[in-house]
Peer 1: 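I am attaching a structure below and will ask some questions about it afterwards.
Convention: sequence-line order gives letters A, B, ...; per-chain numbering from 1.
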Amino acid sequence: MVRQAERQDVIFEQVETDQRERPWEHYLDAELGLRNHWYVAFFSEQLDEGQTRPEMLLGERIYFKRVKGQVYAVEDRCPHRGAAFSSRVECYTPNTVTCPIHGFTFDVRDGNLVAVLTENNSALVGKLAVKAYPVEEKFGCVWVYIGDGEPRPLREDVLPSLWNTENLIIRPTTRYKINSNWRIAIENGFDTGHLYGHRNWASAWRYGAAVPLGTVNKTKEDIRILEKPGDPIGMHVNSSINAWVGEVEGVKVYMNQVDPDNPPPTEGAIYPPDFGPFLPCGLDVPHFPKPGLFHWEWYVPIDEESHMYTILQGAIANTEQEKEDFLRAHEDYLARDIWVDPGTARPMEPPGFNNFDSFGREAMQHVYQNEDFWHRERLYKADYTIIQWRMLVSRNAHVVQKRDNFAKTKNNYPLESP
Amino acid sequence: MVRQAERQDVIFEQVETDQRERPWEHYLDAELGLRNHWYVAFFSEQLDEGQTRPEMLLGERIYFKRVKGQVYAVEDRCPHRGAAFSSRVECYTPNTVTCPIHGFTFDVRDGNLVAVLTENNSALVGKLAVKAYPVEEKFGCVWVYIGDGEPRPLREDVLPSLWNTENLIIRPTTRYKINSNWRIAIENGFDTGHLYGHRNWASAWRYGAAVPLGTVNKTKEDIRILEKPGDPIGMHVNSSINAWVGEVEGVKVYMNQVDPDNPPPTEGAIYPPDFGPFLPCGLDVPHFPKPGLFHWEWYVPIDEESHMYTILQGAIANTEQEKEDFLRAHEDYLARDIWVDPGTARPMEPPGFNNFDSFGREAMQHVYQNEDFWHRERLYKADYTIIQWRMLVSRNAHVVQKRDNFAKTKNNYPLESP
Amino acid sequence: MVRQAERQDVIFEQVETDQRERPWEHYLDAELGLRNHWYVAFFSEQLDEGQTRPEMLLGERIYFKRVKGQVYAVEDRCPHRGAAFSSRVECYTPNTVTCPIHGFTFDVRDGNLVAVLTENNSALVGKLAVKAYPVEEKFGCVWVYIGDGEPRPLREDVLPSLWNTENLIIRPTTRYKINSNWRIAIENGFDTGHLYGHRNWASAWRYGAAVPLGTVNKTKEDIRILEKPGDPIGMHVNSSINAWVGEVEGVKVYMNQVDPDNPPPTEGAIYPPDFGPFLPCGLDVPHFPKPGLFHWEWYVPIDEESHMYTILQGAIANTEQEKEDFLRAHEDYLARDIWVDPGTARPMEPPGFNNFDSFGREAMQHVYQNEDFWHRERLYKADYTIIQWRMLVSRNAHVVQKRDNFAKTKNNYPLESP
Ligand code: FES
Ligand code: FES
Ligand code: FES
Ligand SMILES: [Fe+2]
Ligand SMILES: [Fe+2]
Ligand SMILES: [Fe+2]
């Protein structure tokens, strides 16, 4: 029996109902990520002219190469007998990569087979191709489209504040492989209940950040769903009811920077405006760690059990001086405050903000991967935002990645022509 | 065709028949152990006041904590999103553990949720709980009940000579993870054919132990089955026919301490009286390594492929002097004679009695785990005792542990209330 | 649509047709190798008198022992409870091995149980046996028959030039575990398209070897199938059309020792006469690296994912001086030119001929093992020889090895007698 007071808590009721019915089954299929979307593959500065770089995204092995400034990408799996081009780098010309085993040579710009070094005048030249991936370079990142057919405009898959803010100066901050599924990771990114884990953030003082232990939604309107065709699909998580001081048998628990006897007001906006997750796997965090600064992060699926945690930071800079100031701050402390490589933080006292997030994702991963926690979790009120995200993805993710989706040669002529 | 003489060997006949028919199918299901029993989790001295300790038993992850002297245990898996409490120890008060991810705080004494640090006045407090395990502390060990419902009395799962002997002084001897299934281990414990492996036991001289190469049963009455409701379920392995000297193409093989030209008599009691295996996973070895001394061991399932080999030793001590003598002997040589950590023994010459047992269990494990040896083994006469054990377990183990049995939250209100 | 010119290329047409229809399904079942054949287990010099040696072939664990000069082999898995004899070497007499767990003792010459050290007068002696493998020793190698029933004559499974050449002097060259399926390996051995990978072979100069980038067959008669009952089953790969210079966007690619402006003729014999693969897993390479020298290699399946790459070298030596010359050359450079242990070669510049082969096999292994490349590969004209091999094996390999085939005790009396 539920008390009357609770009956009137619409958020609580909704969480209870939803976790019984789980109206997000499609989301549960998406363990390898969402197909037909653009993904941040790596930072521009990680690939010099003429160089190659292999990466795995959504289980697909992709080989990148920069030619005359432009980045191209092909499947890193030779259609002949499957060797990875990256297993031994063989580039006779800027435009091509050659498979080290039998010398099949492909133009990275379109994937076409341009030479078979081991056969005179091979009949396959001009008729066979390796899958070529659409690539764009923007915001200091290399973006790749994982999917089939004509890619959607890049803009639809870029975090809004990154695309729309004028006069941004942007720096790559970190890129780190974390051992959890991408969904555990993105849910952690805007999880309104996990702030507790950041209570010892060593640099909170620098940004005057008063972060609550956790926050829950007051009304359904706290969440604003952005689902307009042609625009990025995502949601904004807004003002809420905050928990500033917890208590366990009379012992008070509170955040760094919060006076337990004089906490901030219970109701009020905590998240920066327009903060929230977007398809396929990003989190828009404008005005963090303080107003005027920007933080963007992605949890790019590598495979079912890991993601590449990728972070950019930025600022609005209208003058050269402002640019310089930001770059120096980023160099001096911004990146470091946010992130300390796992392993370098002292136990129980994570000095870098995101260390806790990495720990938390890996701590939850085991049971979701091995013990069916997608069906056994016991959600609570703070998970209302997560539930909205799951339903949003279920409605909009038309194709989830499967091992079977992996790139085939786009033209396997003449096998299919009788 | 079998010769007439053999026809009259009832034990031989029975082994041949039984391994054809395998009347122990239920035993073969019990790879994770027997549910609804008490198990030795660890030694009392391994958990100080206020400390916590995670252990896995029968595949369940359990978190122990000592509060005001008493030990409690809860499932080490947060019902919310599955993090292990032990992944980061957070104890704000003696009675509680707090999940490091979202601050769900549970009373270890009953498993009840007492605070959600990240939500003001959470409706779940008082209504959600993590599974709490019945715990008792006795004989210098912490015992935990793995099962459902009201636990049986501890006495039913304690080895008889440990429970019943008066004026015992007891010391923990060793506790070591061994890579074999618990059934391979317990069968090895009373296997009348494996004594051969102990033939080089360096300390046999100290105890005047004349151990045979092997021993087989003469009549079915050699085995006494103990199956009275309300009492420990087990069996006593008694006097037998002994092999003292083996021969391979004229080369004699014999035990340390045995004169091959003048061996002890073939018939006679070898095992100490009342020696034998008991449910769920222990071996009672009173009067070993010599009369007046006691040895108890358990092969506690950790998961399908490993068990915690746990040994206690003891003695009857009626005076302070006798206590001191035993403690000094245990310190000086008793524990060491019995056990040398695997890896420290010289190859082929195991100085510690149980080194061979560990080796033997791991040597047999591979084929049982991977090559269906539960159905391909070729048993012989010395395995008659093992067969009796398997049938005893099949008759009495009403619930075998399955991965599905793993603890759920005992109260997942209000999910189940409409 | 295919151009008219290509229509007339019978090899090209055949490859296209065959890879659509895959008339080699039986070959695809043979991931563990071919049963009922002789295999090179190891080199004679690796097993001294009285010594034992465990090896895995085709997934079977086999225990070898040399007794009075002769090598015997038994299954390295005790029929009793499955321990490996090799887990602890116990040899009381030259003819026997004893299981370290319960003392079952077997004669390695026939596998018969000759003593049970732990039971007086065991009824099983003389009635139980472990599988004994037929063994022969020839050409400095120990050969073992993996199969059932009476073995075929060894001669049928020995590479022809090794069996038939008179006055051979032979030396073991190398034996190295490579992480690829044996079929990837043997296909690589005579793959007419993989020569490209040897273009930097440091020692080509020593043998005056002008090797093309690749070579394809002109007519079906280039391949001579050897399929006469009672003789070794295999094929000879003969003269072909050679590619000497490749070109990528105007950049020329050629082999070490080849003048790109004055290449050798396009048509002509490249492979030494009588070069080719033979069942079960060998490659006959007479007159390599130059006429008068011999090279034989085997890709003996260890399990599904690895093989033992085993190489012998030899020469015809009619006089003592010729023998000495060969032995000195082998010691000084022959073995080294052919093989440098993986890992010691500089990247991209493999000085040992077979380094590239090892690299190539492992580079192709991943997709065949994990991504269904047996059905997704896109073969080309140079693969015509490989296709012939696959069909040859499919026609002649009557029993492929399965995990279920693994040796059972050959006599499990009296279990099967009522
Ligand atoms: S595997 Fe790439 S060319 Fe053959
Ligand atoms: S996972 Fe434990 S409180 Fe959320
Ligand atoms: S396992 Fe070999 S004798 Fe028992
Ligand atoms: Fe966070
Ligand atoms: Fe033992
Ligand atoms: Fe080669």
Peer 1: Checking heavy atoms, do the side chain of C:Cys99, its backbone, both or neither come under 4.5 Å from chain B?
Peer 2: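 Only the backbone of C:Cys99 comes within 4.5 Å of chain B.
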Peer 1: Heavy atoms only, distances under 4.5 angstrom: which of B:His366, B:Glu371, B:Lys381 has the most pairs with chain C? Name it, please.
Peer 2: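 Answer, by heavy-atom pair count under 4.5 Å with chain C: B:Glu371.
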Peer 1: Would you check if C:Thr118 and B:Tyr380 make a side-chain contact, meaning some heavy-atom pair closer than 4.5 Å?
Peer 2: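 They are in contact (side-chain heavy atoms under 4.5 Å apart), so the answer is yes.
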Peer 1: Non-hydrogen atoms of chain B under 4.5 Å away: do they reach the side chain of C:Thr105, the backbone, both or neither?
Peer 2: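 Only the side chain of C:Thr105 comes within 4.5 Å of chain B.
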Peer 1: Quick check for you: among C:Pro100, C:Gly103, C:Ala84, C:Ala83, which has the greatest number of heavy-atom pairs under 4.5 Å with chain B?
Peer 2: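 When all of C:Pro100, C:Gly103, C:Ala84, C:Ala83 are compared, C:Pro100 has the most.
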Peer 1: Rounded at 0.5 Å granularity, tell me how far CZ in B:Phe373 sits from NE2 in C:His80.
Peer 2: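 Taking CZ in B:Phe373 and NE2 in C:His80, the distance rounds to 10.0 Å.
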Peer 1: Considering only heavy atoms and a distance below 4.5 Å, find which of B:Glu247, B:Glu187, B:Glu362 pairs most often with chain C.
Peer 2: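 Top option by heavy-atom pairs under 4.5 Å: B:Glu187.
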Peer 1: Ring of B:Phe359, cation from C:Arg88 - is the NZ or CZ under 6.0 Å from the centre and inside 45° of the axis?
Peer 2: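 The answer is yes; both the distance and angle limits are met.
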Peer 1: Does atom OH of B:Tyr254 have more than 12 heavy-atom neighbours from other groups under 6.0 Å away?
Peer 2: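 12 or below, so no.
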Peer 1: Show your reasoning for whether side-chain contact (heavy atoms from CB on, under 4.5 Å) applies to C:Thr98 and B:Tyr196.
Peer 2: CA-CA 11 Å; C:Thr98 295; B:Tyr196 164 76; 3.4 Å; yes
Peer 1: I need the residue from B:Ala243, B:Ala363, B:Ala382 with the largest number of non-hydrogen atom pairs under 4.5 Å to chain C.
Peer 2: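 Looking at each of B:Ala243, B:Ala363, B:Ala382 in turn, B:Ala243 comes out on top.
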Peer 1: To the nearest 0.5 Å, what is the distance between CZ on C:Arg77 and CE on B:Met364?
Peer 2: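 One finds 15.0 Å between CZ of C:Arg77 and CE of B:Met364.
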Peer 1: Among B:Val253, B:Val216, B:Ile184, B:Asn242, single out the residue with the greatest number of heavy-atom pairs under 4.5 Å to chain C.
Peer 2: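 Looking at each option in turn, the highest pair count goes to B:Val253.
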Peer 1: Measuring only between side-chain heavy atoms, which start at C-beta, is B:Arg378 closer than 4.5 Å to C:Val130?
Peer 2: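 The answer is no; the side chains never approach within 4.5 Å.
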Peer 1: Does any backbone or side-chain atom of B:Thr192 lie under 4.5 Å from a heavy atom of chain C? Answer side chain, backbone, both or neither.
Peer 2: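 Neither the backbone nor the side chain of B:Thr192 comes within 4.5 Å of chain C.
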Peer 1: For a quick test of reading the model, state the closest non-hydrogen atom pair linking B:Val248 to C:Ala115 and the distance between them.
Peer 2: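 So the two residues come closest at CG2-CB, 4.4 Å.
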Peer 1: So how far is it from B:Lys252 NZ to C:Leu117 CG, rounded to the nearest 0.5 Å?
Peer 2: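 Reported value, rounded in 0.5 Å steps: 13.5 Å.
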Peer 1: Please look at C:Asn121 and chain B and tell me whether the side chain, the backbone, both or neither of the residue comes under 4.5 angstrom of a heavy atom of that chain.
Peer 2: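 Contact with chain B: none, neither part.
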Peer 1: Let me see the working for C:Arg403 and B:Asp372 under side-chain contact (heavy atoms from CB on, under 4.5 Å), right down to the final yes or no.
Peer 2: CA-CA 11 Å; C:Arg403 286 267 162 203; B:Asp372 193 32; over 6 Å; no
Peer 1: Need one label for B:Tyr368: side chain, backbone, both or neither, based on atoms under 4.5 Å from any heavy atom in chain C.
Peer 2: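 For B:Tyr368, side-chain heavy atoms alone lie under 4.5 Å from chain C.
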Peer 1: Please report the interatomic distance CG(C:Leu124) to CD(B:Glu16), rounded to the nearest 0.5 Å.
Peer 2: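 The CG atom of C:Leu124 sits 6.5 Å away from the CD atom of B:Glu16.
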Peer 1: Return yes if a side-chain donor-acceptor contact under 3.5 Å exists between B:Asp191 and C:His102, otherwise no.
Peer 2: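 There is such a pair (donor and acceptor under 3.5 Å, judged by atom type) between the side chains of B:Asp191 and C:His102.
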Peer 1: Using 0.5 Å steps for rounding, measure from the CD1 atom of B:Ile241 to the CG atom of C:Asn120.
Peer 2: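 With rounding to 0.5 Å, CD1 (B:Ile241) is 8.0 Å from CG (C:Asn120).
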Peer 1: Measure the spacing between CG of C:Asp107 and CD of B:Glu249 and express it to the nearest 0.5 Å.
Peer 2: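 Spacing of CG (C:Asp107) from CD (B:Glu249) equals 6.0 Å.
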